[in-house]
Amino acid sequence: MLVDKGPCKYVRHSSYTGAFVAILGLSLLAHPILSIVVSIITFVAYYFRIKNEEKH
């Protein structure tokens with residue numbers, strides 16, 4: 001079932017979004033520069049993973 005109301009209207013992979021926010025939050029606790037690096041790496045990794053899943 002495709003959800004087209006609420007936050008799920010904009011976020012197709014809610015578990016990935018939650019994991020990304022958690023990683024961002026934990027890295028912010030460690031160090032601001034580290035959080036930028038970790039966030040970029042995580043975003044790129046999720047981007048390619050989601051793109052691959054959508055393809056299949």
Side-chain angles (χ1 to χ4, degrees):
M1 181 169 101
L2 181 63
V3 178
D4 61 352
K5 291 184 172 70
C8 292
K9 179 178 180 178
Y10 305 103
V11 178
R12 291 183 70 168
H13 300 277
S14 56
S15 64
Y16 293 155
T17 304
F20 181 73
V21 171
I23 290 168
L24 176 62
L26 289 173
S27 61
L28 278 171
L29 288 173
H31 195 275
I33 300 288
L34 178 65
S35 74
I36 293 169
V37 173
V38 169
S39 297
I40 290 170
I41 292 169
T42 305
F43 180 79
V44 169
Y46 279 149
Y47 173 78
F48 286 112
R49 182 174 180 170
I50 290 169
K51 191 174 178 181
N52 188 33
E53 287 180 2
E54 295 286 330
K55 185 175 150 184
H56 288 98

query: Is there any salt bridge (charged side-chain N to carboxylate O under 4.0 Å, His left out) pair reaching into residues 16-32, and which pairs are they, with sequence neighbours excluded?
result: none
- prompt: Are Asn52 and Phe48 close enough, and set up right, to give a side-chain contact (heavy atoms from CB on, under 4.5 Å), and what steps lead you there?
  reply: CA-CA 6 Å; Asn52 188 33; Phe48 286 112; over 6 Å; no
- line: For Val37, the hydrophobic cluster (side chain heavy atoms closer than 4.5 Å, chained through members) also holds Ile41
field: Connected via hydrophobic side-chain network under 4.5 Å: Phe20 and Ile50
entry: yes
- request: Quick one: list whatever passes ring pair (Phe, Tyr, Trp, His ring centres under 6.0 Å) with Tyr46, sequence neighbours left out.
  value: Tyr16
